[in-house]
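Quick caveat, the model's predicted, so the values are computed rather than measured.
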Amino acid sequence: MRKEIKFICCDNDPKLLKNLNNEQIDDDEAIKILKKIAHPLRLKILRILVYQTEICSCELTQLFDDSQPEVSRQLGILANSGILVKRIL
């Protein structure tokens, strides 16, 4: 049985937005966070999650011309940086 993995923005308010408004985050740290979304596919994923707060990784693969491994890789980068949360069903 294959597990379904869904991704959601953290509390519908990504860590990115919280951290950039935090005075304790210096400019270098803010730049690191912004670099996490600088990839075109990562930006597309986040734009979709603004309107659809939860989506399966297989649905994202169907939406883009990119391969499933590439979509998964970019989702992993966003999840590892705390911008997205991975939920395995």
Residue pairs passing the salt bridge (Lys or Arg N to Asp or Glu O under 4.0 Å) test where at least one lies in residues 31-41, sequence neighbours excluded: none

Distance-only donor-acceptor pairs under 3.5 Å for side chains of residues 60-67, two or more places apart:
unit_1: T61; atom_1: OG1; unit_2: S57; atom_2: O; d: 3.1
unit_1: S67; atom_1: OG; unit_2: E70; atom_2: N; d: 3.3

Spatial distance of atom CG (L84) from atom CD (Q74) [nearest 0.5 Å]: 11.5 Å

ILVMFWY cluster, L41 and L46 together (side-chain gap under 4.5 Å): yes

ILVMFWY cluster, I37 and I77 together (side-chain gap under 4.5 Å): no

Connected via hydrophobic side-chain network under 4.5 Å: I48 and L78: yes

Residue pair E59 / Q52, side-chain heavy-atom distance below 4.5 Å: yes

Separation between NZ of K44 and NE2 of H39, rounded to the nearest 0.5 Å: 9.5 Å

